[in-house]
Engineer: 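I'd like to ask you about the structure that follows.
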Amino acid sequence: MTDTLNIRLAEGDDAALAECFHTHGSLVRSYLRRFVAFQDVEDLQQVVFTEVWRSRHRFDPARSLPAWLLGIAHNRAVDHLRVRTLRTVPLDAVADPPGQDGRAQGAGLAERDQVMRALAELPAPQRQAIELAYYGELTQREIAERLSVPLGTVKARTARGLRRLSALLTPVAA
């Protein structure tokens, strides 16, 4: 059957092209997926089979039809990749990274880690008051209501906790 398909295609039988597409279309599609973007595969497959029809007179029916199809698919994929324009951004339009070589973000992560470790060393009531104030963005009055404690207690816990954090985060002079 394949041999007759090869001969019929080489002779220009219209039905042979449709049969060739039906038989080998998925092979060509999967081959093209390796090279071109997913959204371009179907269009490129049509280009390949158009090329198959136009160059059918060059096909040797004694040779492998799938190999010939994949050769055409490869050439069309290369052509497609050559003519596409890559989106580039001028270097002048790109902002410089923050800090020296973008290290400011890394330093910020280190500082945040130090603060989290220092918070973990505080007594639970002080840590809770500070976390609600700074991370929860609550006022001292809202913290007092949430914890069901007097406002003065929240103020005292926050002040003591901040003093303790300051001592924990201040580097020791060498």
Side-chain angles (χ1 to χ4, degrees), residues 20-52 66 69-174:
C20 181
F21 184 84
H22 178 71
T23 306
H24 300 291
S26 61
L27 171 71
V28 170
R29 249 190 332 277
S30 64
Y31 183 78
L32 291 172
R33 275 191 210 124
R34 294 172 35 198
F35 300 103
V36 299
F38 178 77
Q39 64 270 16
D40 297 332
V41 169
E42 219 173 287
D43 292 339
L44 204 51
Q45 180 188 22
Q46 293 300 320
V47 170
V48 168
F49 280 97
T50 301
E51 178 74 19
V52 165
L69 292 170
L70 293 181
I72 293 172
H74 179 78
N75 292 337
R76 295 301 72 83
V78 168
D79 290 346
H80 177 78
L81 293 172
R82 280 186 184 142
V83 294
R84 71 181 176 155
T85 54
L86 298 175
R87 295 185 336 156
T88 58
V89 177
L91 287 176
D92 299 341
V94 178
D96 289 332
Q100 295 179 350
D101 300 329
R103 288 178 265 179
Q105 188 175 16
L109 290 174
E111 289 173 6
R112 187 168 48 211
D113 184 54
Q114 285 177 326
V115 169
M116 294 306 288
R117 287 178 192 214
L119 276 171
E121 291 187 34
L122 294 179
Q126 293 174 5
R127 181 179 57 248
Q128 188 179 34
I130 291 173
E131 286 176 344
L132 288 172
Y134 289 92
Y135 298 118
E137 298 181 355
L138 298 177
T139 65
Q140 289 183 330
R141 187 172 308 281
E142 291 169 330
I143 295 169
E145 290 172 7
R146 179 173 286 186
L147 300 178
S148 301
V149 295
L151 179 59
T153 302
V154 171
K155 289 182 178 189
R157 288 177 182 174
T158 304
R160 287 185 194 118
L162 289 175
R163 272 195 306 276
R164 178 80 176 121
L165 275 179
S166 177
L168 291 170
L169 293 173
T170 302
V172 178

Engineer: Please determine whether side chain to side chain contact (heavy atoms under 4.5 Å, CB included) holds for the pair Glu111 and Val115, giving the CA-CA distance in whole Å, both sets of side-chain angles, and the decisive distance to 0.1 Å.
Structural biologist: CA-CA 6 Å; Glu111 289 173 6; Val115 169; 5.5 Å; no
Engineer: May I ask you to test the Phe35-Arg76 pair for a side-chain heavy-atom distance under 4.5 Å?
Structural biologist: no
Engineer: How long is the span from the CD atom in Glu145 to the CG atom in Leu151, to the nearest 0.5 Å?
Structural biologist: 9.5 Å
Engineer: Could you tell me which non-hydrogen atom of Leu70 sits nearest to which non-hydrogen atom of Val28, and how far apart they are?
Structural biologist: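 Looking at all heavy atoms of both residues, the closest pair is CD2-CA, 4.4 Å.
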Engineer: Any side-chain heavy atom of Arg157 sitting closer than 4.5 Å to one from Leu147?
Structural biologist: yes
Engineer: For the OH atom of Tyr31 and the NE2 atom of His74, what is their distance to the nearest 0.5 Å?
Structural biologist: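 Answer for the OH-NE2 pair, Tyr31 versus His74, is 5.0 Å.
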Engineer: So which heavy atom on Glu142 is nearest to which on Glu137, and how close?
Structural biologist: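 That would be OE1-O, 4.3 Å.
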Engineer: Would you say Ser166's side chain and Leu162's backbone share a donor-acceptor pair under 3.5 angstrom?
Structural biologist: no
Engineer: For a quick test of reading the model, state the closest non-hydrogen atom pair linking Ala129 to Thr158 and the distance between them.
Structural biologist: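 In this case the closest contact between Ala129 and Thr158 is CB-OG1, 3.7 Å.
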Engineer: Roughly how far apart are Leu119 CG and Arg164 CZ, rounded to 0.5 Å?
Structural biologist: 11.5 Å
Engineer: In the structure I gave you, are the side-chain heavy atoms of Phe49 and Leu69 within less than 4.5 Å of one another anywhere?
Structural biologist: yes
Engineer: Between Thr23 and Cys20, is there a donor-acceptor pair closer than 3.5 Å when you use the side chain of the first and the backbone of the second?
Structural biologist: no
Engineer: Considering all heavy atoms of both residues, which atom of Leu27 and which atom of Pro66 are nearest to each other, and what is their separation?
Structural biologist: CD2-CB, 3.9 Å
Engineer: How far apart are the closest heavy atoms of Leu132 and Arg146, and which atoms are they?
Structural biologist: CD2-NH1, 3.6 Å
Engineer: Does a side-chain heavy-atom distance below 4.5 Å link Gln128 with Pro125?
Structural biologist: no
Engineer: Test Ile72 against every option in Val48, Val47, Thr50 by the side chain to side chain contact (heavy atoms under 4.5 Å, CB included) rule and name the one that passes.
Structural biologist: Val48
Engineer: Does Gln114 reach the main-chain N or O of Leu169 with its side chain, forming a donor-acceptor pair under 3.5 Å?
Structural biologist: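 A pair under 3.5 Å: no.
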